[in-house]
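See structure below.
Remember, it's a predicted structure, so these values are computed and weren't measured experimentally.
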Amino acid sequence: MPLTFTLDPVIDPALREGILDLWTDVSNAGGAVGFVPPVTSDDIRPTLDQQLAGVADGRCRLLVGHTGDGSVAATAFLTHNTHRLQLHWLWAYTVMVHPRHQGKGYGRALMAATEAAARSVEGIDAIRLGCRGGHGLEYFYAACGYKEVGRVPGAIRVAPGDDRDDITMLLPLH
């Protein structure tokens, strides 16, 4: 069953908790979304609250993918730049699909919906996103049309002795 995507949904308590549960489950499955397992929802809540504050004040836009039963299965945050020379592109952050839905094409659907959302924003020419090396994510994003445009070796310390590359990917929209 395909996901239904909503850009700029109403953020009610149920959606907030759904995103929090998604982020916790993705993190605990080893997903590269800013945390290292094990984590609890209490660990993630302050970061989610910061991102939702950005949505509330217009700095970010939220894209949510729901399953047929209404549960949150995927998200991406599109963040506007504030530097006057970089207003023509957006960052995609916290791009994730619930582990139980991986392998169903939902990741590609999320990236297509993210691209469509970015195209709907006037004056946006590209999407940039960062990903953590060691998971092969750069190959997934490349298959979705993104190009690797930067790599800082060992910039992400997952644990002592486990440093990963910080990879920047770009999707031109024109």
Side-chain angles (χ1 to χ4, degrees), residues 19-20 22-55 57 59-65 73-99 101-103 106-119 121 124-174:
I19 295 169
L20 185 61
L22 169 66
W23 203 340
T24 303
D25 290 348
V26 169
S27 296
N28 283 323
V33 288
F35 294 90
V36 177
V39 296
T40 67
S41 57
D42 288 336
D43 297 322
I44 293 172
R45 186 174 285 109
T47 303
L48 174 59
D49 289 345
Q50 286 178 330
Q51 286 191 236
L52 293 178
V55 171
D57 70 18
R59 289 177 288 132
C60 293
R61 304 205 44 201
L62 172 60
L63 178 67
V64 178
T75 64
F77 287 83
L78 296 172
T79 303
H80 297 278
N81 289 294
T82 57
H83 192 283
R84 66 185 166 278
L85 301 179
Q86 297 181 350
L87 299 176
H88 60 288
W89 57 268
L90 297 170
W91 278 106
Y93 285 108
T94 321
V95 176
M96 56 188 167
V97 172
H98 197 283
H101 296 301
Q102 291 178 359
Y106 290 178
R108 286 185 187 267
L110 174 61
M111 297 316 297
T114 300
E115 179 181 345
R119 287 183 184 280
V121 180
I124 298 301
D125 297 334
I127 305 169
R128 283 175 63 176
L129 62 83
C131 63
R132 182 189 307 168
H135 290 278
L137 295 170
E138 65 271 34
Y139 304 112
F140 167 73
Y141 291 121
C144 294
Y146 287 74
K147 303 218 180 323
E148 183 177 326
V149 295
R151 181 182 289 253
V152 180
I156 301 170
R157 180 153 294 157
V158 176
D162 186 1
D163 295 345
R164 309 286 179 88
D165 293 354
D166 183 7
I167 306 165
T168 301
M169 306 293 291
L170 180 75
L171 178 69
L173 298 176
H174 297 284

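- Nearest heavy atom pair, residue Leu22 against residue Ala73, reads CD1-O, 3.8 Å.
- Rounding to the nearest 0.5 angstrom, the gap separating the CZ atom in Arg128 from the OH atom in Tyr146 is 12.5 Å.
- Here the rule is side chain to side chain contact (heavy atoms under 4.5 Å, CB included) with Leu78, and of Thr114, Val121, Leu129 only Thr114 fits it.
- Residue pairs satisfying the salt bridge (Lys or Arg N to Asp or Glu O under 4.0 Å) criterion with at least one member in residues 32-42, sequence neighbours excluded, are listed as follows: Asp42-Arg45.
- Between atom CD1 of residue Ile19 and atom OG of residue Ser41 there is a gap of 13.5 Å, rounded to the nearest 0.5 Å.
- Every residue two or more places apart in sequence or in another chain that forms a salt bridge (charged side-chain N to carboxylate O under 4.0 Å, His left out) with Asp49 is listed here: Arg16.
- When the side chain to side chain donor-acceptor pair (under 3.5 Å) test is applied to Thr40, the partners found at least two apart in sequence or on another chain are Asp43.
- Formation of a donor-acceptor pair under 3.5 Å by the Gln102 side chain with backbone atoms of Val97 is found in this model.
- For the atom pair CD of Gln51 and OG1 of Thr79, the computed distance is 6.5 Å after rounding to the nearest 0.5 Å.
- Applying the ring pair (Phe, Tyr, Trp, His ring centres under 6.0 Å) rule to Tyr93 yields the partners Trp91; only residues at least two apart in sequence or on another chain are considered.
- Under the rule for a side chain to side chain donor-acceptor pair (under 3.5 Å), Asn81 has no partner lying at least two apart in sequence or in another chain.
- For the ring pair (Phe, Tyr, Trp, His ring centres under 6.0 Å) test, residues two or more places apart in sequence or in another chain that qualify with His101 are Tyr106.
- Separating the CG atom in Leu63 from the CD atom in Glu115 is a distance of 12.0 Å, to the nearest 0.5 Å.
- With sequence neighbours left out, the side chain to side chain contact (heavy atoms under 4.5 Å, CB included) criterion links Asp57 to Arg59.
- Heavy-atom minimum distance, Ile124 versus Ala118: CB-O, 3.8 Å.
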Give the table of side-chain donor-acceptor pairs shorter than 3.5 Å for residues 165-174, with sequence neighbours excluded, one pair per line with atom names and distance.
residue : atom : partner : partner atom : Å
Asp165  : OD1  : Gly154  : N            : 3.1
Asp165  : OD2  : Arg151  : NH1          : 2.9
His174  : NE2  : Asp125  : OD1          : 2.7

Exercise for the section: Tell me, with the steps shown, if Phe140 and Met111 meet side-chain contact (heavy atoms from CB on, under 4.5 Å). Expected result: CA-CA 10 Å; Phe140 167 73; Met111 297 316 297; 3.8 Å; yes
Enumerate, atom names and distances included, each donor-acceptor pair closer than 3.5 Å involving a side-chain atom of residues 26-39, sequence neighbours excluded.
residue : atom : partner : partner atom : Å
Ser27   : OG   : Trp23   : O            : 2.8
Asn28   : OD1  : Val39   : N            : 2.8
Asn28   : ND2  : Thr24   : O            : 3.3
Asn28   : ND2  : Val39   : O            : 2.9

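- For Arg61, the salt bridge (charged side-chain N to carboxylate O under 4.0 Å, His left out) partners are Asp8, not counting sequence neighbours.
- Checking side-chain atoms of His83 against main-chain N and O of Leu85 turns up a donor-acceptor pair under 3.5 Å.
- Every salt bridge (charged side-chain N to carboxylate O under 4.0 Å, His left out) that Asp162 has, sequence neighbours left out, goes to Arg164.
- Identified under the salt bridge (Lys or Arg N to Asp or Glu O under 4.0 Å) test for residues 73-92, with sequence neighbours left out: none.
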